[in-house]
Amino acid sequence: MMSKLNQLLGSKLALYPKRRLLVTCYFLFIAFHFSLSSSFAQFNPQSKSITEKFFPELEFDISTPAFLKKSGFTNYQEMMEWLNKSIKTHEDKVSLSFIGESQNGKQVPMLIFSSKNEKAKTRVWLQGGLHGDEPAGTEAMLYLTDRLLNDPGFATFLENLEIAIVPMANIDGYEKQQRVAADGMDLNRDQTRLKAKESILLKAAFSAFQPSVALDFHEYRPFRKDFTKIGRAGVTSRYDAMFLYSGNLNVPKVLRDFTQHTFVEHARQVLNENQLTNHDYITTQKYGSQVHFNLGSVHSRSSATNFALANCVSTLLEIRGVGIGRYSFKRRVKASFLIAVAYLETTVKEKSALENVLAQALRSQHPVVVTSDKLTRKDSIHVIDLASEKEMKLGVTIHDALMSRPVLQRERPSAYLISSTEKQAAYKLKVMGIEVDSLATEKLVEVEAYELNNPIAADEDVILNLDPEEDAEASVPSANTRIKKQLFQAGTFVIWLNQPGANLACEILEPENANGFVKMKVIKSKQNQELPIYRYMKSEKFTP
């Protein structure tokens, strides 16, 4: 290796040993970094003793593709062969369709499960593999498919529910075991901008299905850079699973509470019964020189909040797994599977309550919360000290999105009007399942107009691959509103708020919202110019 390196560096550099050492270290660092991202040789920071002591494998019978081989994870071809073979004799229970193609031309499969009876069925949406380096979700969806088809104990789900499963949402990323899609886009930061091809086809399928309950299965990285600064040799996360459900104040409180106290609570009980540790979702963030923790989220660019704003019970599951290869893989798959089954159980058991909550949420007329602050509080979390290999309770500062408070809110309009020139915005609203009308003739309407104080610069990059908690507050515009009468041309888009997608429309059309169309530059903004978005405040409906 050294002789090849000397040839690469040249004979002159070889004459300077110190300089050669520095450059050698640099090349070794690059090689090490590459090995981290390679699906062929990944560095695993977790010791076998930590695995055996805290995260031993759970033994159960599973014959999905990844467990029919000794290494690696299920690839696309293996998944499709397995699915086609599995559903071949079960046409009375399941149908397989494709919702579109990935950027690299792979057909994205969706399975619909239901028995043929006359019952009104509650719809449940489950997806895995939105991040390509988080394989437990995909494998759990395949295992759930197997149980729904072959386990008589699962018949009650088919009798009462219509279940949609997208097992591998980000096929191109999954094939490379990389987080992002083929174009480098993080698909779970693209739920409102809808820039990636997969984001559009997944959202269109979700909107057409109109679920009452939605689950998105992920894995999280238990060895974080910030954890190395805690203790003598660093710490690692203790939790098998973490629940991310929205603290966004535009999700009606009745729906937020029902999600937390009914669905999440039952899933926690199931995990506890199986000795699987769990917590609300937390992630580190630097505050000055200190490491703090964010708990939950309010950001609609990610699925947990985006789905909830579409008026359904929504949760994103984070299973402990990124960066540790096949360690504890059965355990990770079983944890995901148990949570999925717990949510199906709750959906069947609480059918009437669920319908009532969604109806109440639909009738909610709360103000539009444009911006909010998280409550900062002291708490403790459980971690594993790597020096002693013992569990410890760690005192931390938490910024709690589940206890958010409004900062800027506006009276709820009856409708938003958008200029007919904003066809891209109207198209993306429709993809999100939001009904968009248009004026048949020109009409004089009294509205509230927005004037921007600090628009997003035309050349400013919109970063969508960072955690929303780190990125969303940067360069958010501010605006004033004023009442005016305006003659709107035929073709002007009208979004009435007496529809299931109303809260999502409010979220993305208010210009100061960190996840909205103005911040994301779907709708362009200029200093001291009106935005092409208007708020209609009167209760009387006018004819489009």
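- In this structure, a donor-acceptor pair under 3.5 Å is present between the side chains of Asn117 and Ser115.
- Contact detail for Ser336 and Ala140: the closest heavy-atom pair is CB-CB, 3.4 Å.
- Donor-acceptor pairing under 3.5 Å is recorded for the side chains of Ser364 and His366.
- Taking a 6.0 Å sphere around CE of Met403, one finds it holds 12 or fewer heavy atoms contributed by other residues, nucleotides or ligands.
- With sequence neighbours excluded, no residue forms a salt bridge (Lys or Arg N to Asp or Glu O under 4.0 Å) with Asp61.
- Residues Leu68 and Ser63 are in side-chain contact: their nearest non-hydrogen atoms beyond the backbone lie under 4.5 Å apart.
- Here Ser237 contributes atom OG and Ile384 contributes atom CD1; the two are 7.5 Å apart, rounded to the nearest 0.5 Å.
- Rounding to the nearest 0.5 angstrom, the gap separating the CZ atom in Arg193 from the CD1 atom in Ile508 is 14.0 Å.
- Here CZ of Arg189 is found 12.0 Å from OG of Ser199. Values are rounded to the nearest 0.5 Å.
- His131 and Asp133 share no donor-acceptor pair across their side chains, judged by distance under 3.5 Å alone.
- When every heavy atom of Pro211 is checked against every heavy atom of Cys312, the shortest pair comes out as O-CB, 3.3 Å.
- Of the charged side-chain nitrogens involved, none lies within less than 4.0 Å of a carboxylate oxygen, so that Asp190 and Arg301 do not count as a salt-bridged pair.
- Two residues are said to be in side-chain contact when any heavy atoms from C-beta on lie closer than 4.5 Å; Gln127 and Phe307 meet this criterion.
- A side-chain donor from one of Thr277 and Asp240 sits under 3.5 Å from a side-chain acceptor of the other.
- With sequence neighbours excluded, the residues forming a salt bridge (Lys or Arg N to Asp or Glu O under 4.0 Å) with Glu162 are Arg123, listed by chain and number.
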Quiz: residues 391-398 side-chain donor-acceptor pairs under 3.5 angstrom, not counting sequence neighbours:
| from | atom 1 | to | atom 2 | distance (Å) |
| --- | --- | --- | --- | --- |
| Glu391 | OE1 | Arg238 | NE | 3.1 |
| Glu391 | OE2 | His382 | ND1 | 3.0 |
| Thr397 | OG1 | Lys378 | NZ | 2.6 |

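- With sequence neighbours excluded, the residues that form a salt bridge (Lys or Arg N to Asp or Glu O under 4.0 Å) with Asp400 are Arg377.
- The minimum heavy-atom distance between Phe54 and Arg331, with the atom names listed, is O-NH2, 3.6 Å.
- A salt bridge is defined here as a Lys NZ or Arg NE, NH1 or NH2 lying under 4.0 Å from an Asp or Glu carboxylate O, and Asp172 with Lys106 fails to meet this definition.
- With no hydrogens or angles considered, a side-chain donor-acceptor pair links Lys119 and Asn160 at under 3.5 Å.
- Note: Tyr343 OH to Thr315 OG1 = 2.5 Å, rounded to the nearest 0.5 Å.
- Applying the side-chain hydrogen bond (donor to acceptor under 3.5 Å, both in side chains) test to residues at least two apart or on different chains, the pairs with a partner in residues 88-100 are His90-Asn150.
- Scanning for side chain to side chain contact (heavy atoms under 4.5 Å, CB included) contacts around Glu101 gives Gln107, Lys197, with sequence neighbours left out.
- For the ring pair (Phe, Tyr, Trp, His ring centres under 6.0 Å) test, no residue two or more places apart in sequence or in another chain qualifies with Phe227.
- When the ring pair (Phe, Tyr, Trp, His ring centres under 6.0 Å) test is applied to His399, the partners found at least two apart in sequence or on another chain are Tyr287, His292.
- A search for ring pair (Phe, Tyr, Trp, His ring centres under 6.0 Å) contacts involving Phe113 returns nothing, not counting sequence neighbours.
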### Task
Take Ser404 and Lys374 through the side-chain hydrogen bond (donor to acceptor under 3.5 Å, both in side chains) test and state the conclusion after the steps.
CA-CA 4 Å; Ser404 296; Lys374 292 169 280 192; over 6 Å; no

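- Between Tyr174 atom OH and Gln178 atom CD the span is 13.5 Å, to the nearest 0.5 Å.
- Residues forming a salt bridge (Lys or Arg N to Asp or Glu O under 4.0 Å) with Glu219 (at least two apart in sequence, or on another chain): Arg332.
- With respect to Lys69 and Glu78, a salt bridge is recorded, a charged nitrogen being found less than 4.0 Å from a carboxylate O.
- Side chains of Phe60 and Tyr143 form a contact here, defined as non-hydrogen atoms less than 4.5 Å apart.
- Between Ser246 and Ala308 the shortest heavy-atom distance is CB-CB, 4.4 Å.
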### Task
Determine, stepwise, if the pair Asn515 / Thr192 fulfils side-chain hydrogen bond (donor to acceptor under 3.5 Å, both in side chains).
CA-CA 7 Å; Asn515 307 279; Thr192 54; 5.4 Å; no

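- For the atom pair CD (Glu134) and CG (Leu317), the distance works out to 11.5 Å, reported to the nearest 0.5 Å.
- Taking the centre of each ring, Phe73 and Phe329 come in below the 6.0 Å mark.
- Side chains of Glu273 and Gln269: a donor-acceptor N/O pair is absent below 3.5 angstrom, by distance only.
- Under the 6.0 Å cut-off for aromatic ring centres, Phe243 and Tyr281 do not qualify, their centroids lying 6.0 Å or more apart.
- Annotation: side chain of Trp125 is not in contact with side chain of Leu215 (no heavy-atom distance under 4.5 Å).
- The two atoms that bring Ala335 and Ile319 nearest to each other are CB-CD1, 4.2 Å, heavy atoms only.
- At least one donor-acceptor pair closer than 3.5 Å links the side chain of Asn278 to the backbone N or O of Leu276.
- For the residue pair Ser303 and Asn306, no side-chain donor N or O sits within less than 3.5 Å of a side-chain acceptor on the partner.
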Pairs of donor and acceptor atoms involving the side chains of residues 247-260, under 3.5 Å and at least two apart or interchain, shall be tabulated with distances.
| from | atom 1 | to | atom 2 | distance (Å) |
| --- | --- | --- | --- | --- |
| Asn248 | OD1 | Asn250 | N | 2.7 |
| Asn248 | ND2 | Val298 | O | 2.7 |
| Asn248 | ND2 | Glu507 | OE1 | 3.3 |
| Asn248 | ND2 | Glu507 | OE2 | 3.2 |
| Asn250 | OD1 | Val369 | N | 2.9 |
| Asn250 | ND2 | Val369 | O | 2.9 |
| Asn250 | ND2 | Glu507 | OE1 | 2.9 |
| Lys253 | NZ | Asp257 | OD2 | 2.6 |
| Arg256 | NE | Asn248 | O | 3.4 |
| Arg256 | NE | Val251 | O | 2.7 |
| Thr259 | OG1 | Leu255 | O | 2.8 |

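- A side-chain donor-acceptor contact under 3.5 Å links Glu139 and Thr64.
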Which donor-acceptor pairs under 3.5 Å do side chains of residues 351-358 form with protein atoms, sequence neighbours excluded?
| from | atom 1 | to | atom 2 | distance (Å) |
| --- | --- | --- | --- | --- |
| Lys351 | NZ | Ala120 | O | 3.4 |
| Lys351 | NZ | Thr122 | OG1 | 3.4 |
| Lys351 | NZ | Glu355 | OE2 | 3.2 |

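- The pair Glu435-Lys430 does not count as a salt bridge, with every side-chain nitrogen at least 4.0 angstrom from each carboxylate oxygen.
- The existence of a salt bridge linking Arg268 and Asp280 is confirmed by a sub-4.0 Å separation between a basic side-chain nitrogen and an acidic carboxylate oxygen.
- In this structure, Glu389 does not pair ionically with Lys53, as no charged nitrogen and carboxylate oxygen lie closer than 4.0 Å.
- Between Phe154 and Phe157, the distance from one ring center to the other falls under 6.0 angstrom.
- For the residue pair Ser328 and Arg320, no side-chain donor N or O sits within less than 3.5 Å of a side-chain acceptor on the partner.
- No side-chain N or O of Gln191 forms a donor-acceptor pair with one of Ser302 less than 3.5 Å apart.
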